[in-house]
Amino acid sequence: MDAVDAGARKFSTHRNHQKQQKQGFQQQPQIGTVSHLLAGGVAGAVSKTCTAPLARLTILFQVQGMHSDASTLRKASIWREASRIVYEEGFRAFWRGNLVTIAHRLPYSSISFYAYERYKSLLQSGPGLDRHKEYVSADVGVRLLGGGLAGITAASITYPLDLVRTRLAAQTNNIYYRGISHALCSICRDEGVRGLYKGLGATLLGVGPSIAISFSVYEMLRSGWQLERPHDSAVLVSLTCGSLSGIASSTVTFPLDLVRRRMQLEGAAGKARVYNSGLFGTFGHIIRYEGFRGLYRGILPEYYKVVPSVGIVFMTYEMLKSCLSGSSASD
C-alpha cells in the first residue's frame with residue numbers, strides 16, 4: 001500500500017464521513033464492494049499509466065549504482081536519461097513494465113482492501129478495545145495497525161509481480177526478459193522460486209513506516225487546514241494534503257525502496273551478484289561506495305510523480321464512482 005493509495009482511501013473515507021454528517025441523510029446512490037474495488041483498481045491503473053515515465057526514470061536512477069562507475073553517476077540527470085531513452089529505446093520505452101504494474105495493482109488493491117476490513121474487525125474485537133471504541137486514539141491505532149498489516153499481506157502475496165516489474169523497467173538496450181510470463185519462468189529457472197522474493201524484507205520493513213507517516217502527516221495537515229479555512233473545497237484540501245503526505249512518506253522511506261530495487265535485480269539476466277550480505281549489508285555497501293546521497297538516487301522523479309499521481313487517482317476514482325452509482329440507480 002503506497003502513499004497514493006493511502007491518500008485515496010483517506011479521501012474516500014473523508015468524503016463519506018462528510019456526506020453522512022449532512023442532516024436529512026438524503027438517499028444517495030451507493031456502490032457495492034465489487035464496484036468499489038473496480039473503481040479503486042482502475043483509478044490506480046490509470047494513475048500508474050500516466051506517471052509511468054517518471055516511475056521508470058526513478059527505477060533506472062535507483063539501480064544505476066549497481067554496475068556503474070563514479071564518473072557515469074556524476075553525469076546522470078533526469079533530462080539526459082530521458083533523452084537517452086527516447087534516442088536509444090524509443091518513446092514507448094517509457095512505459096516498459098507498465099503492463100505488469102497494472103497486473104500487480106489490481107490484485108494488490110483488492111487484497112489490501114479485503115485484508116484491511118478483516119484486520120480492522122479482528123482488532124476491534126480484541127480484549128479491552130470493545131470498551132474504548134469511542135476514543136479517537138484507539139480508533140486511529142486500530143486503523144493504523146490494520147492498514148500496516150493489510151499492506152504487508154498484499155505486498156507478500158503479489159510480490160513476484162512487483163519484482164518482475166522492476167526487472168522489466170530496469171532493462172535498457174539488452175533485452176533479456178521478453179514479457180511477464182517469460183520473466184517469471186526465467187527467474188524460477190535461473191534463480192529458483194526464492195528468486196521471486198528477493199528484496200521482500202526491505203519491502204515489508206517499509207510498509208509500516210510508509211503507512212504511519214502518510215496517515216499522520218495527512219491527518220495533521222488536513223485538520224490544521226480545516227481549522228484555519230473551514231470553507232475550502234474538500235477536494236483541494238485532500239489533494240494538497242495527500243500530495244504533501246506522499247512527499248513526506250517518500251522522503252523517509254526512499255532508502256528502503258532503493259535497497260529493495262537493487263536486491264530485486266541481484267543476479268538478474270545472469271549478471272554477477274553485487275550485494276551478498278543481506279539488507280543491512282546492502283545499506284552499508286551503498287553508503288561506503290556511493291555516500292549517503294546514494295540512498296536518495298532517483299528521489300527527484302519520485303517527487304515529480306507524487307502530485308499528478310494523487311490528483312489522477314482522486315479524479316478517476318470520483319468519476320468512476322459517480323458513473324457506477326448512476327448505473328446502480330438506473331438498475
> Sub-3.5 Å donor-acceptor pair from the side chain of Ser245 to the main-chain atoms of Gly242, do we have one?
Replying inline: yes
>> What I want to check is whether the side chains of Ser156 and Tyr197 have a donor and an acceptor closer together than 3.5 Å.
In response: no
>> Regarding Arg297 and Glu302, does a basic nitrogen lie under 4.0 Å from an acidic carboxylate oxygen?
In response: no
> Counting distance only, does the side-chain N/O of Arg105 pair as donor-acceptor with the main-chain N or O of Lys48 below 3.5 Å?
Replying inline: no
>> Looking at Arg194, I want to see if its CZ is surrounded by more than 12 non-hydrogen atoms of other residues, nucleotides or ligands under 6.0 Å.
In response: no
> Taking all atoms of both residues into account, what is the closest heavy-atom pair of Thr58 and Gly298, and its distance?
Replying inline: CG2-O, 3.6 Å
>> Has Thr240 got a side-chain atom pairing as donor or acceptor with Val237's backbone, closer than 3.5 angstrom?
In response: no
>> My understanding is that only residues two or more places apart in sequence, or in another chain, count here; which of them pass salt bridge (charged side-chain N to carboxylate O under 4.0 Å, His left out) with Glu117?
In response: Lys120
>> Between Arg165 (side chain only) and Asn98 (backbone N and O only), is there a donor and an acceptor less than 3.5 Å apart?
In response: no
> Should Ser250 and Val306 be marked as a side chain to side chain contact (heavy atoms under 4.5 Å, CB included) after you check the CA-CA gap, both sets of side-chain angles, and the distance that decides it?
Replying inline: CA-CA 9 Å; Ser250 295; Val306 169; 4.2 Å; yes
> In terms of side-chain geometry, is the basic nitrogen of Asp162 or Arg261 positioned less than 4.0 Å from the acidic oxygen of its partner?
Replying inline: yes
>> For the backbone of Gly199 and the side chain of Arg260, can you confirm whether one donor and one acceptor N or O come within less than 3.5 Å of each other?
In response: no
> Mind checking what makes ring-ring contact (aromatic ring centres under 6.0 Å, His included) contact with Tyr289, not counting sequence neighbours?
Replying inline: His285
> For Lys271 and Glu191, what are the C-alpha separation, side-chain angles and deciding distance, and is it a salt bridge (Lys or Arg N to Asp or Glu O under 4.0 Å)?
Replying inline: CA-CA 12 Å; Lys271 292 183 180 178; Glu191 306 164 52; over 6 Å; no
> Does Lys198 reach the main-chain N or O of Glu266 with its side chain, forming a donor-acceptor pair under 3.5 Å?
Replying inline: yes
> More than 12 non-hydrogen atoms from neighbouring residues, nucleotides or ligands closer than 6.0 Å to CZ on Phe94, yes or no?
Replying inline: yes
> Judged by atom type as modelled, is there a donor-acceptor pair below 3.5 Å linking the side chain of Ser47 to the main-chain atoms of Ala43?
Replying inline: no
>> Is a donor from one side chain sitting under 3.5 angstrom from an acceptor on the other, for Glu89 and Asn173?
In response: no
>> Whether the Ser238 and Tyr218 side chains hold a donor-acceptor pair (N or O, under 3.5 Å, no angle test) is what I'd like checked.
In response: yes
> Tell me the ring pair (Phe, Tyr, Trp, His ring centres under 6.0 Å) pairs involving residues 144-190, sequence neighbours left out?
Replying inline: none
>> Can a donor-acceptor pair be found, under 3.5 Å and without considering hydrogens, that links the side chain of Thr51 to the backbone of Leu54?
In response: no
> Do you know which of Thr166, Ile299, Leu258, Leu265 makes side chain to side chain contact (heavy atoms under 4.5 Å, CB included) with Gln62?
Replying inline: Leu258
>> Is it the case that the side chains of Thr253 and Ser210 hold a donor-acceptor pair, with the cut-off being a distance below 3.5 Å and no angle test?
In response: no
> Hey, does the side chain of Tyr296 reach the backbone of Thr251 with a donor-acceptor pair shorter than 3.5 angstrom?
Replying inline: yes
